[in-house]
Amino acid sequence: MLNNYKLSDYLLDVVKYMGANDIFGVPGDYNLQFLDHITHRSDLNWTGNANELNASYMADGYAREKGFATFVTTFGVGELSAINGLSGSIAEHVPVLEIVGAPTNNVQNNGSLVHHTFGDHKFDRFEKAHRQLGIKAVKLNSEHAIDQINDVAKYIYETKKPAYIILPTNLVEMEVNQSLKNDIPSLFINKEINSDKAFNQIKSSINNSEKPVIIMGHEVDRFNVFDDIKAFSSNNNIPILDLGLGKGNIDESFANFVGTYNGQISDENVNKYV
C-alpha cells in the first residue's frame, strides 16, 4: 500500500503544532514541491510575499504576536535576501523558523555546477553565514531527518530563538511513518527544573538590598512570564522597570511600573531612581 505521508507533511505537522497557522515566503526553484504540500492543506494558509526580506520581517512580527512563525525561501538568492530579517530575530530573541528549499543532497555533496550558487562548487557558504550570526542551522539528510526536525523544534520551543532548516528537494517526497505524527506533542513537554538555587539567590539579593527594583527585558514577553513577575512585584512591593527592547511588552498601567531604563541615556529621573 502506498504511503502518502511524506517528510514534508511531518515538518508541516510540527510547524502547525507549534502554532504557525500562516506560512510566509516566496516561491522559487528548489521549494516548489514543498509549497505544494502547504497549499494542499486546509489547516495552513500560504501568504506569499513580494520578496524574501518582507517574508522574514512578517514572520518576525507574527512570532512576536503568536509565539512562533515560519517562512519559506529558496536556496542562495532567497535566503540571502531574508538574512537581515532573520538576524533581527536572533538579536531580539524571536522564535522564527526559516525553511530553505535546496538542491538535492547528491548535487550538494558532488559540488555540481547549478544556479543559485556562486559557481564555485561550495554549497555550504550560506549555511555558514547563518551559523556565523548565531542562528541554529541544520541541513536535513535521509538517515536522520526526523530527529533533525525534532531537535530544531525543541530548540526553538526551549530557547525562543530562530532556527534555519535546509530541505533538499530529494527529501521533500521521502516517505515516513505516519505514526510519527502522534509523537509530536511529546517534543514540547516542559522539563522539571530544580529552582531552589535561583530562589535562594533572589531571596538573598532582595534581603540584602535597601531598595530593590526589577528590570525586565524582552525575554519576559518571549517566555510569557510577565504575569508571574507582576504578581511577585505586587506581593513584595518591588518597583518594575523595562529595558528598551522590552518596551511595549509590559503593562505600563501596572501600579509598580516606574519607567523605561536605558542606562546613561535614560530619562534623568528614571536614571536617578535606578
Side-chain angles (χ1 to χ4, degrees), residues 7-8 10-12 14-15 18 20 23-26 28-31 33-35 38 49 51-53 55-60 62-63 68-112 114-118 120-172 174 187-188 222:
L7 183 67
S8 297
Y10 181 79
L11 176 54
L12 291 173
V14 170
V15 164
M18 293 179 72
I23 298 179
F24 307 97
V26 179
D29 286 352
Y30 307 126
N31 71 22
Q33 282 179 294
F34 180 63
L35 296 189
I38 298 174
N49 299 98
N51 58 63
E52 293 85 359
L53 182 61
S56 64
Y57 281 129
M58 285 193 72
D60 182 275
Y62 186 97
F68 173 70
T70 303
F71 72 101
V72 179
T73 72
T74 190
F75 177 77
V77 293
E79 56 187 303
L80 287 181
S81 174
I83 198 169
N84 203 40
L86 200 62
S87 299
S89 296
I90 189 69
E92 298 197 11
H93 226 102
V94 184
V96 173
L97 172 63
E98 179 181 7
I99 301 172
V100 177
T104 66
N105 289 101
N106 284 339
V107 165
Q108 295 189 59
N109 294 338
N110 294 333
S112 303
V114 298
H115 60 300
H116 290 200
T117 69
F118 287 5
D120 58 1
H121 313 291
K122 296 179 180 179
F123 286 82
D124 62 349
R125 61 169 68 251
F126 310 117
E127 179 182 352
K128 286 181 177 178
H130 287 77
R131 290 185 185 277
Q132 190 68 28
L133 292 168
I135 298 165
K136 184 178 180 66
V138 174
K139 182 172 73 173
L140 301 184
N141 60 66
S142 58
E143 292 82 9
H144 306 290
I146 295 295
D147 289 337
Q148 290 174 305
I149 291 171
N150 292 348
D151 179 62
V152 168
K154 288 190 288 187
Y155 170 82
I156 295 174
Y157 176 73
E158 292 172 0
T159 67
K160 309 303 179 188
K161 293 181 180 180
Y164 157 98
I165 285 179
I166 302 169
L167 176 60
T169 55
N170 61 295
L171 299 184
V172 171
M174 185 178 79
L187 300 174
F188 308 104
R222 306 298 184 263

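All residue numbers in this chain count up from 1 along the given sequence. As the structure is a computational prediction, the values presented were derived from the model and not from experiment.
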Quiz item: Which is it for Leu80 and Val77 under the side-chain contact (heavy atoms from CB on, under 4.5 Å) test, yes or no, and what are the steps along the way?
Solution: CA-CA 5 Å; Leu80 287 181; Val77 293; 6.0 Å; no
How close do [X] and [Y] get, counting heavy atoms only, and between which atoms?
| X | Y | result |
| --- | --- | --- |
| Gly134 | Ile90 | O-CD1, 3.5 Å |
| Pro95 | Ala63 | O-CB, 3.6 Å |
| Ala69 | Ala20 | CA-CB, 4.4 Å |
| Ala82 | Ser56 | O-OG, 3.4 Å |
| Ala153 | Met18 | O-CE, 3.7 Å |

Could you tell me the separation between the [atom1] atom of [X] and the [atom2] atom of [Y], rounded to the nearest 0.5 Å?
| X | Y | atom1 | atom2 | result |
| --- | --- | --- | --- | --- |
| Asn150 | Leu187 | CG | CG | 4.5 Å |
| Leu167 | Glu98 | CG | CD | 12.0 Å |
| Ile165 | Leu11 | CD1 | CG | 5.5 Å |
| Leu133 | Ser87 | CG | OG | 4.0 Å |
| Ser89 | Phe71 | OG | CZ | 7.0 Å |
| Tyr57 | Leu86 | OH | CG | 10.5 Å |

Exercise. Would you check, one step at a time, whether the test side-chain contact (heavy atoms from CB on, under 4.5 Å) holds for Asn141 with Gln148?
Key: CA-CA 8 Å; Asn141 60 66; Gln148 290 174 305; 3.3 Å; yes
Keeping [X] on the side-chain end and [Y] on the backbone end, is there a donor-acceptor pair under 3.5 Å?
| X | Y | answer |
| --- | --- | --- |
| Asn31 | Val26 | yes |
| Asn49 | Asn51 | no |
| Thr159 | Tyr155 | yes |

Quiz item: Can we say Asp151 and Lys136 salt-bridge, meaning some charged N sits less than 4.0 Å from an Asp/Glu carboxylate O?
Solution: yes
Quick one: are [X] and [Y] in side-chain contact, heavy atoms under 4.5 Å?
| X | Y | result |
| --- | --- | --- |
| Ile83 | Phe126 | no |
| Lys161 | Arg222 | no |
| Thr74 | Val100 | no |
| Leu171 | Ser142 | yes |
| Phe68 | Val15 | yes |

Exercise. List the steps and the verdict of side-chain hydrogen bond (donor to acceptor under 3.5 Å, both in side chains) for Tyr164 and Glu79.
Key: CA-CA 10 Å; Tyr164 157 98; Glu79 56 187 303; 2.4 Å; yes
Quiz item: If you draw the axis of the six-membered ring of Tyr157, does the NZ or CZ of Lys160 fall within 45° of it and under 6.0 Å from the ring centre?
Solution: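 Here Lys160 passes the 6.0 Å and 45° test against Tyr157.
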Quiz item: Between Asp147, Val138, Val14, which is the residue that forms a side chain to side chain contact (heavy atoms under 4.5 Å, CB included) with Val152?
Solution: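 When side chain to side chain contact (heavy atoms under 4.5 Å, CB included) is applied between Val152 and each of Asp147, Val138, Val14, only Val138 qualifies.
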Quiz item: Among Val172, Ile99, Ile149, Ile166, which one satisfies side chain to side chain contact (heavy atoms under 4.5 Å, CB included) with Leu140?
Solution: Ile149
Exercise. Begin from the C-alpha positions of Thr70 and Tyr62 and carry the test side-chain contact (heavy atoms from CB on, under 4.5 Å) through to its verdict.
Key: CA-CA 9 Å; Thr70 303; Tyr62 186 97; over 6 Å; no
